[in-house]
Participant: 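One structure follows; several queries about it will come next.
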Amino acid sequence: MKADAKPRANLKIEIYRQSRLWHGYLSAFAFLALIFFAGTGLILNHPEWFSIRPDPHPVERTVTLTPAELAAAKSAPDPSRALTKVLAAKLKLRGAYQSGEILDDEAQVRLEGVTGSSDILVDLRTGTAEVTVARTDLVTTLNELHRGKNAGAVWKAVIDVSAGLVLALSLIGYVLFFSLRFRLRTSLILTAASLAVLFGVFWLFVP
């Protein structure tokens, strides 16, 4: 019995030691991510705290595509995307491709991103493109970063990694929390009470 108890005790000690070690390693990035997403979550949840206004001075430009550029874009499998690529080489556009359609002899393209948007109108007969580029304000940018909307694959990966690290940090923290044997009863009571409060708020107040 004593021989079996010793390896189990050593294993428990090692689990707690590794938990403390990894808790320290993960904290460096996870706490920064937690601060950012908690702060932007408050901003997102209380839009009345800030006045969000559209860009008062959007940039409006007119560009004429060459006959070769226009012909190549029109013959492409996706003319709207092809036109966007050509114009992006000539102008500083904001946003990523969201939608595009061809109506008669006119192409309409919409780009949306965290830092702003672009609206493109191209006359497919003359190659004249009218481009309007608008910037977003700081609050809108933070909201979009929090939600990951129109933020691109790399930022969405950052959100996934951040969520994974915070989750791992929380689970490791719970391991350490329950390692305090003299506070085990208190830990269990606090956990049960926290779950009860969250469930109660959802049950009673969430429409």
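Given the structure is predicted, the values throughout are model-derived calculations rather than measurements.
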Participant: Which label fits W49 and H46: parallel for a plane angle under 30°, tilted from 30 to 60°, or perpendicular past 60°?
Facilitator: parallel
Participant: Could you walk me through whether E106 and L121 pass side chain to side chain contact (heavy atoms under 4.5 Å, CB included), step by step?
Facilitator: CA-CA 7 Å; E106 192 173 74; L121 190 64; 3.4 Å; yes
Participant: Give me the atom names and distance for the closest heavy-atom approach of I120 to L111.
Facilitator: CD1-CD1, 4.4 Å
Participant: Does L145 belong to the same Ile/Leu/Val/Met/Phe/Trp/Tyr cluster as L44, with side-chain heavy atoms less than 4.5 Å apart forming each link?
Facilitator: no
Participant: If hydrophobic clusters are built by linking Ile, Leu, Val, Met, Phe, Trp and Tyr wherever their side-chain heavy atoms come under 4.5 Å apart, do I189 and L195 end up in the same one?
Facilitator: no
Participant: Linking I/L/V/M/F/W/Y whenever their side-chain heavy atoms sit closer than 4.5 Å, directly or via other members, would F205 and L198 fall into one cluster?
Facilitator: no
Participant: Got a sec, which residues hit side-chain hydrogen bond (donor to acceptor under 3.5 Å, both in side chains) with R147, two or more places apart in sequence or on another chain?
Facilitator: E144
Participant: May I have the list of side-chain donor-acceptor pairs in residues 83-95 shorter than 3.5 Å, sequence neighbours left out?
Facilitator:
from : atom 1 : to   : atom 2 : distance (Å)
T84  : OG1    : S80  : O      : 2.9
K90  : NZ     : E69  : OE1    : 3.4
K90  : NZ     : E69  : OE2    : 3.3
R94  : NH1    : T115 : OG1    : 3.4

Participant: Would V139 end up clustered with L42 when hydrophobic side chains under 4.5 Å apart are linked, directly or stepwise?
Facilitator: yes
Participant: Report yes if the side chains of V131 and T62 come closer than 4.5 Å at any heavy-atom pair, otherwise no.
Facilitator: no
Participant: Under 3.5 Å, which donor-acceptor pairs do the side chains of residues 97-104 form with other protein atoms, sequence neighbours left out?
Facilitator:
from : atom 1 : to   : atom 2 : distance (Å)
Y97  : OH     : G100 : N      : 3.1
Q98  : NE2    : N150 : OD1    : 3.2

Participant: Enumerate the residue pairs fulfilling side-chain hydrogen bond (donor to acceptor under 3.5 Å, both in side chains) with a member in residues 153-169, sequence neighbours excluded, ordered by first and then second residue.
Facilitator: none
Participant: Does CZ belonging to R110 count more than 12 external heavy atoms closer than 6.0 Å?
Facilitator: yes
Participant: Got a sec, which residues hit side-chain contact (heavy atoms from CB on, under 4.5 Å) with S75, two or more places apart in sequence or on another chain?
Facilitator: none
Participant: Donor-acceptor pairs under 3.5 Å, side chain of residues 31-41 to any protein atom, not counting sequence neighbours: which ones?
Facilitator:
from : atom 1 : to   : atom 2 : distance (Å)
T40  : OG1    : F36  : O      : 2.8
T40  : OG1    : F37  : O      : 3.4
T40  : OG1    : H146 : ND1    : 2.7

Participant: Do T140 and D137 pair up side chain to side chain, a donor and an acceptor below 3.5 Å, judged on atom types alone?
Facilitator: yes
Participant: Are T128 and V122 packed together at the side-chain level, in the sense that at least one heavy-atom pair is separated by less than 4.5 angstrom?
Facilitator: no
Participant: Hey, quick one: are V154 and I159 part of the same hydrophobic cluster, counting side-chain heavy atoms closer than 4.5 Å, chains of contacts allowed?
Facilitator: no
Participant: What's the separation between atom NZ in K74 and atom CG in L65, rounded to the nearest 0.5 Å?
Facilitator: 11.0 Å
